[in-house]
Amino acid sequence: MSDVSVKAEVSQPGPEAPKRGERRRRPILRYVLRRVVIVPISLFVLGSVCFVLVLFIPGDPAVTILGDFATPEQVALVNEQLGLDQPLWDRYVSFWGNLLQGDLGTSFFTNQPVLHEIALFLPNTIELVVLALLVAVSLGLVIGVLGAYFARRWPDRVMTGLTSGLQSVPDFFLALVGIYVFFFLLGWAPAPIGRLPIEAGGQQTPFLIFGSLFSGDWTTLGQALSHAALPVMSLGLVYSSYFAKTARGSMGTALTTPQVEFARACGLRERTVVRYAFLASRTTVITYIAILFGSLLGGAAIVERVFNWRGMGQWALDGVLKVDVPIIQGFVVTAGLMTLTLFLVLDLVVLALDPRVSYE
Amino acid sequence: MLTVSGLTTEFRTRKGPVRAIDDIGFEVPTGVAVGVVGETGSGKSVTIRSVLGLLPAYGRVIGGRAEFEGQDLVTASRKRLRHVRGNRIGFVAQNPFGALNPVLRIEKQFANVVRAHRKMSTSAVRELALRRLESVQVPSPERVLRGYAHELSGGMAQRVVIALAMLHDPPLVIADEPTTALDVTVQRQILDLIAAQVAGGDRSLLLVTHDLGVVAQYCAHVVVMRSGQVVEQGPVAEVFTDPRHAYTRQLLAAVPPAPWSAAAKAETTAEAAR
C-alpha cells in the first residue's frame with residue numbers, strides 16, 4: 001500500500017512536465033481562435049449596418065442615373081433592372097448570398113463588377129497608405145522620442161509645437177500648398193495628374209511602386225516615386241503628428257520608469273537604455289498603426305482626389321455622391337475586412353512580443 | 001570613500017524652481033555602512049539621485065560636490081559617470097519588479113550589465129552570473145537565468161537585483177529603500193543579505209530607509225534628513241541615545257516599541273492596570 005503511494009508521488013513530476021507545456025500551448029490556440037472567430041461576426045454586423053445605412057443616403061439611384069427629367073415609367077424600369085423594386089428583406093438576403101460567394105455586385109454606373117473595380121483601385125491606395133504611414137511612423141517616432149528624451153526642456157517644446165502645428169493642418173490643404181510650391185513655383189514635382197506621367201500611357205499595373213521595385217524597372221519606379229512624393233508627404237506629415245503624440249506619451253512614461261533608472265544606475269549605455277524604453281512602449285505605436293491604416297483606407301479620399309490618384313477613397317467618394325449602392329457596400333466590406341485582419345495580426349504580434357501575457 | 005558637500009538640487013516646475021535638497025553634506029567612510037533616514041519627501045532619494053546623476057530631465061544639481069575616488073561626480077562627464085555607475089557604485093533599487101526588465105531573460109540582463117563595462121564571452125557571463133546568484137542564495141540559479149522577472153517571488157527578484165548590483169565588485173553600494181516593496185517576512189533576509197555582501201573588507205554601504213530600527217541594526221553612521229536638509233548626523237550610538245535635534249527625537253519617538261521590549265511591557269501592564 002505504502003509502496004503504491006510513494007510511487008504515485010514520485011511519478012507525479014514526470015507526467016506533469018509535458019502537461020504543463022500542453023497547458024501553455026492550448027490557451028494560445030484558444031485565444032487565436034477566439035480572435036479569429038470575432039472577424040466574421042464583426043463583418044456580419046458591419047455589412048448589415050452598412051446595408052441599412054445606405055438606405056438613408058439621400059437621393060434615388062435611378063434618378064441619379066437617368067437625370068432629373070426622367071419619366072416615372074423610366075425610373076420604375078431602371079429600378080426593376082437594378083433590383084431595387086424587390087422587398088427590402090429579399091434584397092438583404094441576396095446581398096449576403098452574393099457576398100458569401102465573393103460577389104460584391106455590379107456598379108450601377110460603370111456596369112463593372114465591384115470586385116473588379118476594387119482590384120483596380122485598392123492596390124493604389126495600399127501603396128499610398130503604406131508609404132504615407134512609413135513617413136508618418138518614422139518622422140513621428142523621431143519627433144516623439146526626441147520630445148520624450150528631453151522632457152520639459154527646449155527640444156520638447158519645439159517638438160510639441162511642431163506636433164500641434166502639423167495636427168491642425170488638414171491633409172488636403174497641405175497637399176494644395178505642396179502643389180503650389182513644388183509644382184507651380186519651383187517646378188520640382190510633377191503635375192498632380194495621377195500615378196505616372198501622361199506619356200507613360202494609361203496602362204497601370206497594380207502595385208506600381210512595389211512591383212517596379214521588385215522587378216527592377218528603375219525608370220517606372222523613379223517616375224512613380226516622383227508622382228507619389230507630394231501625396232505621400234502631405235498625408236505622412238499630417239499623420240506623423242498622431243504618432244509623435246503617442247510616442248511622446250508612451251516613451252515619456254517608459255523613460256521615467258524605475259526600470260530605466262535601474263538600467264542607468266547599472267551603467268548601461270544611453271543608447272541601450274533608450275532602445276529598451278522604446279521596446280517597452282512599442283505596443284501603443286503598433287496599435288496606432290493599425291488604427292490609422294484603417295482610417296486612411298477611406299480617409300485619404302480628398303488627397304487622392306487632389307492628385308487624381310485613382311484610389312479606394314476617391315472611388316468610394318464618387319460612389320457615395322452617385323448613390324452607387326454596390327460600390328458603397330463593397331468599399332465598406334473591403335475596408336472592414338482589411339482593418340479587422342490587420343487588427344487581428346497586430347494583436348497577435350503584440351502578444352507574441354510580450355512574455356508576460358498568459359493568454360487567459 | 002564618498003564625500004558629499006553643499007549638494008543643492010533644484011526641480012523646474014511651472015511655479016518656478018523648487019529646491020528639493022539644500023546644502024547637503026555627509027561622508028561615507030571606507031568600510032562603513034551609513035544610513036540616511038527621513039520621512040517621505042525629505043530628500044533622501046533626490047540626494048542619491050543627485051550623486052549618481054539619475055535626476056529626471058527637469059532636475060538639476062546647482063551646487064556642491066560629491067567626491068568619489070578622487071573625482072567630483074556632479075561635474076563628471078557622462079562617460080566618467082557611466083563608468084562609475086554599476087562598476088564602482090552598485091545600486092539596489094526599491095522595487096525589483098520595477099527595476100528588472102520584464103521582457104528580457106534574466107541572463108540577458110546580466111549580460112547587459114557586464115558588457116556595459118567590459119568585454120566578456122557569453123559563457124563567461126553565465127559563469128559569473130551563476131556565481132553571483134549563488135552568493136545571494138538563489139536556489140537553482142540556472143533556471144532563474146533562463147526565466148523572466150515575473151516568474152520570481154519578490155524576495156528572489158530582489159536577490160537578482162542585488163546580484164546585478166554586486167556584479168562588478170563595487171567598493172560602494174547604494175541601496176534605496178531596498179525592502180519597502182517586499183513582504184515583511186523577507187525584508188529581514190534581504191537586509192541581512194545586503195549587510196553580508198558589504199561586510200568584511202573595504203566595501204561601504206549607503207542605505208536609504210525610513211526605518212530607524214533598520215539603521216540602528218545595520219548602520220554605523222546615520223544621517224537624518226528633513227525637508228531637504230540634514231538636521232543631524234553622527235555615529236548611530238550617539239545620535240540614537242542622545243539626539244540633539246528635536247526632529248530626531250520625534251522620529252525616534254515615532255518608532256513603535258518591539259512587543260518584547262521593556263517599554264512595551266510596561267505600557268501593556270499600565271494599560272491592563274487601568
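Sequence lines set the chain letters: A, B, ... in the order given, protein chains first and strands last, and positions in each chain run from 1.
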More than 12 heavy atoms of other groups within 6.0 Å of [X] [atom1]:
X	atom1	result
B:Arg118	CZ	yes
B:Arg143	CZ	no
B:Arg126	CZ	no
B:Glu127	CD	no

Non-hydrogen contacts under 4.5 angstrom with chain B: give the residues of [range] involved, or none if there are none.
range	answer
residues 140-154 of chain A	A:Tyr149, A:Ala151, A:Arg152, A:Arg153
residues 263-274 of chain A	A:Arg264, A:Ala265, A:Cys266, A:Gly267, A:Leu268, A:Arg269, A:Glu270
residues 235-260 of chain A	A:Pro258, A:Gln259

Just distance, no hydrogens or angles: give the donor-acceptor pairs under 3.5 Å from side chains in residues 51-61 of chain B, sequence neighbours left out.
none

Quiz prompt | Heavy-atom closest pair, residues A:Phe262 and B:Phe91 | solution =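 Of all heavy-atom pairs spanning A:Phe262 and B:Phe91, the closest is CE1-O, 3.2 Å.
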Which answer fits [X], side chain, backbone, both or neither, if we ask what part of it has an atom under 4.5 Å from a heavy atom of chain A?
X	answer
B:Leu167	neither
B:Val161	both
B:Arg49	side chain

